[in-house]
Student: 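If you scroll down you'll find the structure; I have some questions about it.
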Amino acid sequence: VLCLTRSTDPRWAAIAAGDLASVLADHAHCEMKAAANALSLAARSAASTRVARALVALAEEELAHLRAVLDLLDQRGIPLGVPEVDDYAADLRKRSLSTGKKSATDALVDRLLVGALIEARSCERFLLLAGALRARGGDGEALAAFYEDLLASEARHYTTLVDLAIDVGGDEARVRDRLGALAAAEGEIAARLGGRPLIHG
Ligand SMILES: [Fe+2]
Ligand SMILES: [Fe+2]
């Protein structure tokens with residue numbers, strides 16, 4: 001899926017579909033973090049209101065997703081709870097920082113690319129989850145349709161964030177090289193996951 005170098009352990013889908021309360025609560029927190037991250041990136045886009053506007057639009061879409069997931073929690077009587085530590089996202093950020101001190105532009109490019117990879121992985125996970133929900137039939141169908149809808153917009157967010165990284169970085173070949181290196185790191189991190197009922201678990 002998209003630029004991912006490694007697929008999620010196929011056993012994850014059944015684990016996630018078997019504990020929807022945990023998945024939905026975690027998903028709400030993921031959308032909240034995605035919106036907050038988009039705004040935090042907009043705040044760093046000092047050079048261009050065009051980039052800032054694109055990130056604000058992204059944040060708005062993530063907030064719409066958040067509201068939709070909060071509705072699902074309410075319909076099912078699931079509490080939002082406190083966010084799980086997202087080791088996946090934290091590890092990926094750490095890997096992106098391990099290349100040492102960078103210019104402000106390169107640091108922003110990296111943050112945009114890390115965001116793009118998280119979108120790509122979420123998109124892959126939504127696809128797997130939708131498949132498992134469809135296979136169950138019954139009321140799983142409606143939730144499967146919800147995830148199929150969302151995965152299309154997360155795929156778009158991936159493209160938007162890569163395009164913004166190229167816009168900010170200015171040198172497409174260099175940004176795509178960097179995306180390749182970060183995607184390889186993301187694949188190593190993702191290889192250790194797949195056992196928990198969390199969007200990035
Ligand atoms: Fe989203
Ligand atoms: Fe997204």
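For ligands, and for the atoms within them, numbers begin at 1 and follow the listed sequence.
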Student: Output, by chain and residue number, all protein N/O/S atoms separated from the Fe ion (ligand 2) by less than 2.8 Å.
Tutor: E62 OE2, E119 OE1, E119 OE2, E154 OE1, H157 ND1
Student: Going by the salt bridge (Lys or Arg N to Asp or Glu O under 4.0 Å) test, which pairs reach into residues 152-171, not counting sequence neighbours?
Tutor: R50-D167, E61-R156
Student: Any side-chain heavy-atom pair from R76 and L20 closer than 4.5 angstrom?
Tutor: yes
Student: Between R134 and E148, does a salt bridge (Lys or Arg N to Asp or Glu O under 4.0 Å) hold up when you go through it step by step?
Tutor: CA-CA 10 Å; R134 279 231 181 270; E148 282 157 1; 2.7 Å; yes
Student: Is the closest side-chain heavy-atom distance between W12 and P197 below 4.5 Å?
Tutor: no
Student: Are any of the side-chain heavy atoms of N37 and R111 separated by less than 4.5 Å?
Tutor: yes
Student: Testing K94, R93, R178, R95 for salt bridge (Lys or Arg N to Asp or Glu O under 4.0 Å) with D110, which one passes?
Tutor: R178
